[in-house]
Amino acid sequence: MAAPTVKPSVKSLKRGSFPACRSSRSAQCLCVHQELSDRLPTDSPSFLKTFITHTPRNHAAGSPVQAFYVQHKWDRLIRTGAAVFQFRPSSNSGVLPASMVLPLLGLALRGRCIAVGNVYMERFAMVITVIGMMLALFLSLIALGITRPVPTNTCVIAGIAGSAILYTVKQTLTVSEVIEVLEVLLIFVYLSLILLYLLPRCFTPGEALLILGGISFIINQLIKRSLASSGNANADPLLYFLPVAVLGLVLLGIFFAVLFVFMESETWSASLFFHTMTAVLGLGLLVPWLSLLTQHHPITWLIHFITETNTRLWLIGFWAALLLLAVGVVMHQNCHRSAGSKKHQASTTVRKYFHLLVVLTFAPGLALDRPLLHLAAVVCLSAFLFLEFVRYFRIRPLGAPLRGLLTLFLDERDSGPLILTHIYLLLGVALPIWLTPATCTPKGGLGGAGGLVPYAGVLAVGVGDTVASIFGSTVGEIRWPGTKKTFEGTATSVFAQIIAVVVFLIADSSINLNASYSWVVGSITMVAMLEAYTSQIDNLLLPLYLYILLLL
C-alpha cells in the first residue's frame, strides 16, 4: 500500500529544504520560486502561485512609483541649487526614465534566457535587475539626505520601496550575487564622487545614474572575470575588448585630470608625458590584461580576425571612406564659419548629417558582419574618448585645433567641460549590439520582433531622431503640450522607422517578424513619444528603451 502524500504548508517550506537546492551548491536557490509554486497545496488560491512565481517582476514594477517621487525631489534640488554637485541644466532631473532602464533590461533578458533554458544567464539578468533597483534606491536616499526639511511623505515611499527591494534580494539572489550587487554599488559611489566633481555640468542626475551605473557594472564584471579566469582558451576574445577599453580610458582620464591640476597641460613636455603614459597604459597594462583573459595575443588575434574574410576588408575600406567624408563635413562647415561670423553655429540639419553617416556605417555591418561591427564600435569609442581627452587637456599638437573645430557643433546639452553628444550618438547605436546576449540567442536568431533588436539604435537614433528633428524644425506647427517638439516631427519619425524596418527585412534574411508587426509599430510609436517629451540625452535613452521593447 502506497504511503499517503503529505503536502507541506507554505510556512514550512524553506530555501534549504528543496532537494534540487541541496544537490548542487552552484545551483543553490535557483529553483526557489518555481518549486515553491509547485509544492503549494492544490487548493491554494491561484493568485498566490502567480505572486510567488513572478515576485522579482512584481517588485521591479514598483520602481516607477519610487522613481517618480525621487525625480520630483531631484528637480527641486536642481532648481534651488541645493544639489551637492553641479549638474547639467535641464527641465528635469531625468531620474524616472533612467532608473527604469536597468531593471527593465534585466527582466527582458531574463525572459529570453528562460526561453532557451540558460540558467546562468537567467541569474545574471536577475542580478542586473536588482543592481538597477539598488542604484535607484541609493539615488533616492541621497536626495532625501540633502533635502531640507526632510520630506516625511517621500521617506515613507522610499522606505516601502527599499523594503520591497530588500525582500526581492532575499528571495531571489544567492549570497555571492548579493555581494556582486554591493560591489557594483560601492564602485558606483566612488566613481560618482570622482567624476561628478571633475566634470561639473556634464550630466543630469538621471544621465549620471545611467552612465556611471553602466561603467560600474562593466568594471565589476571585468574584475570578476579577471579573478576567475585562469586561462580560458575557449572564451571569445571579442567580448573582452569593451570592458578593458572602458577601464583603461576611465583610469587615463582620472589620472590626467588630477595630474593637470598641479601642472600646465598645454606645454610640449606635458603633452609628451601624456602620450608616453598612454602608450605605457595601453601596451604595458591593457594588452597583457587582454592576453591573460583570452589566452591570445590581442594584436595577433586582431590581424587574423580582420583578414579572415574579404567582406571584412571591404567593410573597413567603406568605413574609412565614410570617415574621410565626416572629416570633410567638419572642415567644410568650419571654413564657412571662418568666412562669416565667429558666432556661427551648425544648424540642426547639418548636425544630423552625422546621424546619416552613422546609419550608413552600422546598417551594412549589421547585415554583413556583426562581430566586426562590434569590434569597430569599441575601437571608435576608444578613439572618440581619447581625442576628447586631447581636446579637453589641450594636448599638443591636436588639442587646440580640435577645440576650434568641434566648437561649431555644440548644442545646449554640451554645457560642461566635455563635448559628449557625438559619443552618446555612437553609444546609442552600438549598445544594442554590445548588449545582445549570444548565449541566449537561438541558432536561427531571435524570432519575431527580437530580430530587430540589434537595429534598435539605428532605428531610434539614426532614423527616427534624425527625421523628427529635421521635419519638426522645418515644417512642424502643432506642438505637443509642455514641450517644443511637434506632432509632425513625431509622425514622420514613426513613418520613417517603419520604412527602415521594411528595408532591413529585405536586406537581412535573418530577420523574421512572423506576426509581430503590430508590436514593432507600437514599440516604435512609444519610443517616438518618449523622444517628444524627454529632455535627457535622447541619443542614449531612446535606443535602450526600443531595445527593451523589441526584446520582450
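In this text the structure is predicted, and so the values were computed from the model without any measurement.
For the side-chain contact (heavy atoms from CB on, under 4.5 Å) with Trp301, the qualifying choice from Ile306, Leu238, Thr294 is Leu238, the only one to do so. When each of Leu324, Leu357, Leu360, Leu373 is paired with Trp319, the side-chain contact (heavy atoms from CB on, under 4.5 Å) condition holds for Leu373 and for no other.
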Item to check | Working for side chain to side chain contact (heavy atoms under 4.5 Å, CB included), residues Arg123 and Val127 | outcome: CA-CA 6 Å; Arg123 302 300 306 169; Val127 170; 5.6 Å; no
Next on the checklist: Could you walk me through whether Ile211 and Leu540 satisfy the side chain to side chain contact (heavy atoms under 4.5 Å, CB included) test, starting with their C-alpha distance in whole Å, then the side-chain angles of each, then the deciding distance to 0.1 Å, before giving a yes or no?
Outcome noted: CA-CA 9 Å; Ile211 296 168; Leu540 189 62; 3.7 Å; yes
Item to check | Residues Leu210, Leu544; criterion side chain to side chain contact (heavy atoms under 4.5 Å, CB included); working and verdict | outcome: CA-CA 11 Å; Leu210 190 59; Leu544 290 173; 4.0 Å; yes
Next on the checklist: Test side chain to side chain contact (heavy atoms under 4.5 Å, CB included) on Gln497 and Val467; report intermediate values, then the result.
Outcome noted: CA-CA 9 Å; Gln497 290 180 74; Val467 173; over 6 Å; no
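Between the side chain of Ser469 and the main chain of Asp465, no donor-acceptor pair closer than 3.5 Å is present. Looking only at distances, a side-chain donor or acceptor of His355 sits under 3.5 Å from a matching main-chain atom of Val461. Distance alone, capped at 3.5 Å, places no donor-acceptor pair between the Arg391 side chain and the Arg403 backbone. Of the possible donor and acceptor atoms, none in the side chain of Ser493 sits under 3.5 Å from a partner among the backbone N and O of Gly489. For Ser516 (side chain) and Ala449 (main-chain N/O), a donor-acceptor pair under 3.5 Å exists by modelled atom type. Not a single donor-acceptor pair under 3.5 Å links the side chain of Arg225 to the backbone N or O of Leu293. The main-chain N or O of Glu207 is found under 3.5 Å from a side-chain atom of Thr204 such that the two form a donor-acceptor pair.
When the shell of 6.0 Å around CZ of Phe354 is examined, it contains more than 12 heavy atoms from other residues, nucleotides or ligands. In the displayed structure, Phe318 atom CZ is contacted under 6.0 Å by more than 12 heavy atoms of other residues, nucleotides or ligands. The environment of Phe495 atom CZ is sparse: at most 12 non-hydrogen atoms of other residues, nucleotides or ligands sit within 6.0 angstrom. Around CZ of Phe305, the count of heavy atoms belonging to other residues, nucleotides or ligands within 6.0 Å exceeds 12.
Contact detail for Gly206 and Ala98: the closest heavy-atom pair is O-CB, 3.1 Å.
Aromatic ring pairs are classed by plane angle as parallel below 30°, tilted from 30° to 60° and perpendicular above 60°; the pair Phe389 and Phe393 is tilted.
Under the rule for a ring pair (Phe, Tyr, Trp, His ring centres under 6.0 Å), the partners of Tyr455 that lie at least two apart in sequence or sit in another chain are Phe504.
The closest side-chain heavy-atom distance from Leu418 to Phe203 is not below 4.5 Å.
Glu180 and Ser176 share no donor-acceptor pair across their side chains, judged by distance under 3.5 Å alone. Trp480 and Thr490 share a side-chain donor-acceptor pair at under 3.5 Å.
Expressed to the nearest 0.5 Å, how far OH of Tyr547 lies from OG1 of Thr436 amounts to 4.0 Å. In this structure, CG on Leu381 lies 5.5 Å from CG on Leu427, to the nearest 0.5 angstrom. Distance check: Leu135 CG to Ser216 OG gives 7.0 Å after rounding to the nearest 0.5 Å.
Aromatic pair Phe386/Phe274: centroids less than 6.0 angstrom apart.
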